[in-house]
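Beneath this line is the structure, given in structure tokens, with notes to follow.
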Amino acid sequence: MPISVAIVGSGPSGFYVAEALVKSEADVEIDMIDRLPTPFGLIRAGVAPDHQSTKRVTRAYERTALNECVHYYGNVELGRDISIDELRATYDAIVLATGMPGDSKLGIPGDEKQGVIGSATFVGWYNGHPDFKHLNPNLETENVVVIGNGNVAIDIARVLVKTPEEMVEADLPKHVADAIQKAPVANVYMVGRRGPVEAKFTNVELREMGHLHNARAVIDPADLPEEVTGDWSDRDRRLREKNLESLKEFAGAPDAEKQKAVHFTFFASPVEILGGEKVEGIRFEKTRVANGRAEGTGEFFDIECGLVIPAIGYRLQPIPGIQVDEERGTIRNNDGRVSEGVYVAGWAKRGPTGVIGTNKPDGKTAAAEILEDIQEGVKPGRAAFEATLQERNVRWISYTDWQQINDAEVANAPPGSPREKFVTVDDMLDLLAN
Ligand code: NAP
């Protein structure tokens with residue numbers, strides 16, 4: 001019997017496990033399960049809508065999805081439609097590739113106020129994730145504060161200040177594009193608790209901020225050191241040198257004609273969200289960096305704003321019956337092995353870092369471990385899984401169904417854009433029903 005494998009999650013980490021299993025040419029039957037009808041996880045719902053070239057990696061995932069030993073089951077939710085114990089009884093191996101869908105909290109007074117929206121939620125909204133269709137973030141504000149100095153912070157800042165012309169080739173859903181275009185947002189403050197050298201931006205993303213049509217990058221030159229000091233690997237040092245060079249260029253060429261601004265604000269740690277029920281501002285403590293860590297200086301300042309977006313990392317959604325490594329915030333695992341027959345890959349394994357390709361070695365590891373641990377399939381796999389779903393009237397979405405949804409999205413695209421996304425599950429199911 002083939003080894004039956006259920007991969008829960010169809011983002012990059014799930015697809016790289018499937019790809020490695022397919023390439024192994026072992027006798028496997030791979031079922032990819034996703035709670036959304038649409039596949040591709042953060043490629044669809046995380047990668048910025050104006051970075052379409054990055055999204056093209058789905059072409060490779062599609063080749064895997066169309067392999068004869070792979071089946072896709074969208075609109076099937078672990079915990080709602082099937083339990084982990086039922087999957088265990090059905091499949092020889094289960095791979096948890098569920099990522100980190102939750103927002104990390106600032107954990108400061110006021111962070112529950114209306115108008116504090118974590119990056120997973122905000123990015124999900126502008127990417128048309130059905131969970132966040134009704135978010136309606138307060139963009140009726142001149143100032144937005146984004147906390148964090150990573151690529152997610154930069155994505156958010158950029159999407160908020162690009163002109164409609166710059167977004168023509170993006171796939172922002174119409175209601176989102178309308179909301180952003182009519183918003184009076186003129187200043188985005190991107191605030192790092194450490195300095196420019198410690199910032200986690202990759203250089204391509206940072207450099208892009210110097211070429212925006214109507215937004216200038218504003219930096220206090222006093223925050224920029226002459227050179228990169230500190231204990232870095234060669235690779236990290238080169239990246240930081242490039243970033244410092246880009247930031248110096250921005251600081252040296254303030255472009256007053258541009259009407260919007262992204263303020264690169266360093267050495268400031270958030271201490272309190274200000275306002276009543278709704279956000280009216282945020283208080284920071286100035287910091288200095290000692291031994292790589294941010295230390296408070298006892299000096300404070302406020303930024304008035306109507307929206308605060310912490311882009312400070314992500315959290316696991318716990319799965320009942322699966323242990324969490326509290327310290328690392330991941331699923332407890334030994335290089336991908338969770339327990340007998342259960343494996344983990346991607347952010348749920350390592351934490352929320354790394355680019356898309358970082359998931360590829362994880363996929364190979366998980367596939368190798370499965371094939372090392374399990375020589376032959378003994379569990380019923382796909383047929384039993386489908387029988388359970390049928391019994392429960394679960395309308396699962398096959399890859400062919402997804403291709404229909406995709407075709408309709410492409411057909412509905414406004415000029416220049418690759419697609420107009422369906423942003424509710426019902427709309428997707430209606431399309432298929434008709
Ligand atoms: P990240 O790169 O880890 O950045 C998180 C930022 O949040 C850091 O600046 C961190 O500061 C800050 N932070 C954490 N806790 C904080 C707190 N309590 N108060 C204030 N600041 C806090 O994470 P990310 O931006 O979410 O990105 C996740 C991963 O996806 C990264 O590996 C990223 O490169 C990748 N990604 C890549 C792209 C791309 O390639 N275009 C796009 C998006 C995301 P410290 O450094 O001081 O901890």
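Counting starts at 1 for both ligands and their atoms, following the listed order. Just so it is clear, the values below take in all heavy atoms, side chains as well, and ignore hydrogens, waters and symmetry mates. What you are looking at is a predicted structure, and each value in this text was computed from that prediction instead of being measured.
- Within 4.0 Å of ligand 1, protein heavy atoms come from I147, G148, N149, G150, N151, V152, D155, R193, R194, K200, E205, P270, A311, I312, Y314, W347, P352, T353, G354, V355.
- In summary, R337 and E372 engage in a salt bridge, as defined by a charged side-chain N under 4.0 Å from a carboxylate O.
- Screening residues 271-292 for ring pair (Phe, Tyr, Trp, His ring centres under 6.0 Å) gives F284-F301 as the qualifying pairs, with residues at least two apart or on separate chains.
- Using modelled atom types and a 3.5 Å distance limit, the side chains of N333 and Y343 yield no donor-acceptor pair.
- For the salt bridge (charged side-chain N to carboxylate O under 4.0 Å, His left out) condition, no pair includes a residue of residues 185-201, sequence neighbours left out.
- Counted by atom type alone, Y16 and T64 present zero donor-acceptor pairs between their side chains at under 3.5 Å.
- Applying the salt bridge (charged side-chain N to carboxylate O under 4.0 Å, His left out) test to residues at least two apart or on different chains, the pairs with a partner in residues 125-150 are R35-D131.
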